[in-house]
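Below: the structure, in C-alpha cells.
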Amino acid sequence: MSHAITTELGSDGILVATMNLPGRPMNVLADALVQGLSELPAKMADPAVKGMILTSGKADFCAGADLDRLVTWTKPEEPFEGSMALKKILRALETQGKPVVAALNGHALGGGFEIALACHARIALDDPGLKLGQPEVKLGLLPGGGGTQRLLRLVGLQQAMQICGEGADIPVAKARAMGLLVDVARDRDELVAKARAWIAANPKAAQPWDQPKFKIPGGDSRAPATVQMLAIAPSVAAAKSWGNYPAITHIMSCLFEGGLLDFDNACVVESRYFAACVMSREARNMVNTLWFQLNAIKKGASRPQGIARSQVKKLGVLGAGMMGGGIAYVSARAGIEVVLLDTTQEAADRGKAYGQGLLDKAVKKGRSTPEKRDALLARIKATTSYDDLQGCDLVVEAVFEDRAIKAEVTKKAEARLGADKVFASNTSTLPITGLAQASGRPQHFIGLHFFSPVDKMPLVEIIVGKQTSDATLAQAFDYVLQIGKTPIVVNDSRGFYTSRVFGTYVMEGIAMLKEGVHPRSIEVAGLQAGMPMPPLALQDEVSLSLGLHVAEQTKKDLAAEGKAYAEPAGMAVVRQLCEIGRVGKKAGQGFYDYDAAGKRLWPGLTAMFPVAAEQPPQRELIDRLLFAQANEAARCLDEQVLRSVADGNIGSIFGWGFAPFHGGALQFVDAMGTRAFVARARELAARYGARFEPAAGLVKRAETNAPLGG
Ligand code: NAD
C-alpha cells in the first residue's frame with residue numbers, strides 16, 4: 001500500500017484522498033504517487049463510498065512528471081509503456097461510475113493537470129498566482145497521461161493545440177471561462193465544501209467522452225472549420241519555431257489523429273508521440289539544462305558552501321536610469337526596502353516612476369490591485385542623499401558606464417555602509433577587479449550584471465573579482481534568488497561571459513555580410529539556428545556606435561596592458577556604417593531602415609557589400625553562428641571565466657536566448673560529441689578563420705570523445 005495518498009471516508013460517504021508524496025517538497029508523479037492513484041478505484045468500489053475528492057496535502061496540487069525517471073529511459077518502448085500504464089490508472093478512475101472531483105489547492109501542472117483532467121470536475125482556489133496547464137512542450141515533451149485527448153474533448157482542437165503547443169500557464173479565471181473548472185473557492189474549506197456539493201448533485205458522473213452522443217467541441221478533425229485551421233496551423237507554428245521543436249509537430253499530429261479516433265485509441269496514439277518526444281535529442285537537451293542544471297543552480301551549486309544564508313532587508317541603488325529603476329522595482333517587488341539615489345531628485349523620481357508605470361499596467365489588467373501597487377512603491381525611497389544609504393545590506397551601482405563616476409559613487413556609498421556590507425556594480429563592460437580599485441574593501445566588491453529590461457530578464461550574471469571573498473559571493477547569490485532571478489557565477493574577464501559570447505554571434509553574422517552573403521540569408525540563418533533575433537537586427541538594437549565604442553575602449557585598455565588586440569571580423573563593417581550615420585535603431589537607420597510602418601533591411605547594404613554570385617548553403621551559415629558561440633563558451637571554460645557547465649548553459653539561454661532546443665552553448669557541443677564538434681570546427685577554421693580553431697579543452701576531450709559536462 002502506498003503512503004503517498006491518504007484517504008478518509010466522511011460520514012456523508014465522500015472519500016477525501018490527499019496526495020502527499022513523502023520526502024519531496026512537491027507532489028510529482030513518482031512511483032509511490034502513481035501506486036497510490038492506482039489503489040483509488042478499488043477503494044471507490046466500496047459500497048459505502050459515494051464519491052471522491054482528490055486534493056493535496058502540499059502547497060501545490062501536483063507539479064507533474066518525475067523527470068529523474070524520464071532520463072533513465074533509453075528505448076522508446078519504455079516511455080510508451082510508462083505512459084500507457086499511467087493512462088490505465090487514470091482511465092479506471094474516470095470510468096468506475098462514481099463522481100471524482102479534483103480540489104485544486106495549488107499549482108496543477110503537466111502530469112498534475114492531467115490527473116485533474118481525468119476527474120469529473122475541477123474546482124480551484126481563486127488565487128491569481130495559481131498555475132494550471134501543460135508546460136511539457138517547454139522541455140520538448142508532450143502530455144503523456146491522456147492530457148492532449150482530454151483537452152481536445154473538453155475545449156476543442158484549437159484551444160487544446162494552444163494549451164499543449166505553447167505550454168503557457170492558464171490562470172484560474174481563464175480556466176473557468178474555458179469551462180475547465182466548474183467553480184472556484186475562496187479558501188481550502190470552501191474548496192472542499194463545494195467539491196462535496198458537486199458530488200451530491202452529480203451522483204452518477206461520467207466523462208463527456210464516455211457519453212453515447214458525445215461530440216468534440218467545434219467538431220472533429222474532419223469538421224470544415226477545423227480542417228481550415230489545421231491547414232494553416234503547421235505554418236503558424238513553423239513561423240515561430242523554424243521546425244526546431246519536434247514536440248510541437250508531434251502535439252499537432254497527436255491532436256489531429258486523436259480527433260479522428262475514439263478516446264482509447266486516441267490515447268494509444270498520444271503515447272506513441274510521447275515516446276517519440278522523450279527519445280528526441282531536443283527533449284534530452286532541454287531536460288538536461290532547463291530542468292536538472294537549472295534546479296542545481298537554484299539549489300546553490302555555484303554558491304560557496306558553509307556560509308549562512310543571508311537576506312537583504314534594505315538595498316541601495318545608485319543611478320536611477322533604465323537599469324537602476326528596474327533593479328529598484330524588482331527588489332521592492334520582493335519585499336525589500338529600497339533607496340534609489342541619483343544626482344537630482346527629478347532623476348531619482350523618474351527611476352521610481354518606471355516601477356509605477358509597470359504597476360499601473362498590472363492594475364489595469366487585473367494582475368495587481370491599487371493597494372498592492374501603493375505598498376510596493378512605498379518601499380522605494382527616491383533620493384539624492386547618500387545619508388539615506390545608512391543601514392543598507394547591499395548597494396548596487398548603476399550609474400553611467402564611466403570609471404571615474406563609478407569610482408566616486410563607490411567611495412561615497414562605502415563611507416555610509418557597514419564594514420561587512422556588499423557593494424556591487426552593474427557594469428556591462430568594465431572589468432570588476434579594476435573597478436574594485438576604488439573600493440576601500442575590495443573583498444566586499446562584486447559584479448551584479450542585470451539584463452535589460454530588468455523586470456523581464458530572468459538572469460543575473462554575478463562577477464567575482466580577484467579579491468572578492470566567498471562571503472560576498474554568497475550574499476550576492478542569495479540576493480539574486482531573493483528577487484526571484486537566476487544567478488550564474490563567473491570570474492572576471494572582459495565582457496564577462498554573456499557579453500563576450502553573445503558578441504561572437506552578432507560579429508559572425510556581420511562578417512558574413514562582408515564576404516558577400518546576402519543579408520536576408522544571414523538574418524534567416526539566425527532564426528533557423530534558433531536564436532530569438534537575427535544578428536544584424538540585434539546589432540541595430542544594441543546600436544552600432546556602442547559596439548564600436550566598446551571595441552575601441554577594449555583596444556585602448558589592452559594597449560595599456562601591453563596586449564595585442566585582434567579586431568573581430570565584422571567590426572570593419574560596423575565602422576563603415578557608423579561613418580555614414582547608420583548607427584542603429586535609435587537613429588532610425590542601421591542595417592535596417594526604421595519608420596512607422598516597421599523595419600526593412602536597408603537596400604543600400606547590397607551595394608555597399610555586393611552579394612557574391614555563389615551563395616553558401618544555409619546549413620553552413622547556421623553552423624557558423626552556433627559554432628562561433630559554442631567555441632567561445634568553451635574558451636570561457638578553459639580560461640575559468642566560467643566556473644561550471646551548468647552556468648554556461650543557463651547563462652546562454654537566459655542571458656541572450658541561445659537556441660533553447662540545443663540546451664545551451666555547451667550542451668550544443670556535448671549533444672554532438674566533442675570529437676564531431678572539433679572536426680567540424682576545424683573545417684570552419686580552415687574556411688573562415690582562426691576564431692573557429694577549437695578551444696584547447698575541447699581538443700583534449702575530443703581524444704576520448706569526453707563531454708564537457710558531467
Ligand atoms: P542610464 O543612462 O539610463 O542611467 C544612468 C543613471 O545614472 C542616470 O539616471 C544618471 O543621472 C545617473 N548618474 C550618473 N552619475 C551619477 C552619480 N554620480 N550619482 C548618482 N547617479 C548618477 O544608464 P543605464 O542603461 O541604466 O546603465 C547604467 C549602468 O548599467 C551602466 O554601467 C551600464 O553599462 C550598465 N548596464 C546597462 C545595460 C543596458 O542594457 N542599458 C545592461 C546591463 C548593464
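As the structure lists them, so they are numbered: ligands from 1, and atoms in each ligand from 1.
- Contacts between Asn426 and ligand 1 below 4.0 angstrom, taking non-hydrogen atoms only, involve backbone and side chain alike.
- Protein heavy atom at the shortest distance from atom 32 (O) of ligand 1 is Glu401 OE1, 2.5 Å.
- Below 3.5 Å of separation, one finds no N or O of Glu408 facing any N or O of ligand 1.
- Of the candidates Tyr505, Phe496, Tyr497, Tyr497 is the only one forming a ring pair (Phe, Tyr, Trp, His ring centres under 6.0 Å) with Trp656.
- In this structure, atom 39 (C) of ligand 1 lies nearest to the protein heavy atom Met323 SD, 3.7 Å.
- Taking a distance limit of 4.0 Å, we find that atom 2 (O) of ligand 1 is approached by some protein heavy atom.
- Inclusion of Leu318 in the set of residues having an N or O under 3.5 Å from an N or O of ligand 1 is not warranted.
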Does the pair Lys586 and Asp540 meet the rule for a salt bridge (Lys or Arg N to Asp or Glu O under 4.0 Å), with working shown?
-> CA-CA 8 Å; Lys586 63 178 181 187; Asp540 267 3; over 6 Å; no

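- Of the candidates Thr498, Val399, Leu448, the one placing a heavy atom closest to atom 22 (C) of ligand 1 is Val399.
- Note on ligand 1: Thr343 sits in its first shell, one or more heavy atoms being nearer than 4.0 Å.
- Shown here are the side-chain contact (heavy atoms from CB on, under 4.5 Å) partners of Gln437, two or more places apart in sequence or in another chain: there are none.
- In the vicinity of Lys406, heavy-atom distances shorter than 4.0 Å reach the ligand 1 atoms 31 (C), 32 (O).
- Asp623 has its side chain out of reach of Phe692: every pair of non-hydrogen atoms, C-beta onward, lies at least 4.5 Å apart.
- Every residue two or more places apart in sequence or in another chain was checked for a salt bridge (Lys or Arg N to Asp or Glu O under 4.0 Å) with Lys485, and none qualifies.
- Side chain of Asp670 to backbone of Leu708: a donor-acceptor contact under 3.5 angstrom is found.
- Residue Ile405 approaches ligand 1 through these ligand atoms, each under 4.0 Å from one of its heavy atoms: 15 (N), 18 (N).
- Between the His444 side chain and the Ala419 main chain, a donor and an acceptor come within less than 3.5 Å of each other.
- Numbered from 1 in the order shown, with element, the atoms of ligand 1 that lie under 4.0 Å from a heavy atom of Val409 read 17 (C), 18 (N), 19 (N).
- No donor-acceptor pair closer than 3.5 Å links the side chain of Gln528 to the backbone N or O of Gly530.
- Put simply, NE2 on His549 and CD on Glu401 are 8.0 Å apart, with the number rounded to the nearest 0.5 Å.
- Under a 4.0 Å N-O distance rule, the pair Glu632/Arg635 qualifies as a salt bridge.
- Between the side chain of Thr410 and the backbone N or O of Ser439 there is no donor-acceptor pair closer than 3.5 Å.
- The single protein non-hydrogen atom nearest to atom 6 (C) of ligand 1 is Gly321 N, 3.7 Å, given as residue, atom name and distance.
- Geometrically, ligand 1 and Asp342 share a nitrogen or oxygen pair separated by less than 3.5 Å.
- Looking at ligand 1, you'll find an N or O of Ser428 within less than 3.5 Å of one of its N or O atoms.
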Tell me, with the steps shown, if Phe627 and Phe668 meet ring pair (Phe, Tyr, Trp, His ring centres under 6.0 Å).
-> CA-CA 9 Å; Phe627 273 69; Phe668 173 73; 5.5 Å; yes

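- Shown in contact with Thr427 at under 4.0 Å from a heavy atom are these atoms of ligand 1, numbered in order with element: 32 (O).
- Considering backbone and side-chain atoms together, Leu341 places no N or O closer than 3.5 Å to any N or O of ligand 1.
- Of the protein's heavy atoms, Met322 CE, 3.3 Å lies nearest to atom 41 (N) of ligand 1.
- Contact annotation for Phe450 and ligand 1: only backbone heavy atoms (N, CA, C, O) come within less than 4.0 Å of the ligand.
- Counting heavy atoms closer than 4.0 Å to ligand 1, residue Arg350 contributes nothing at all.
- With a 4.0 Å heavy-atom cut-off, ligand 1 is reached by the side chain of Ser452 but not by its N, CA, C or O.
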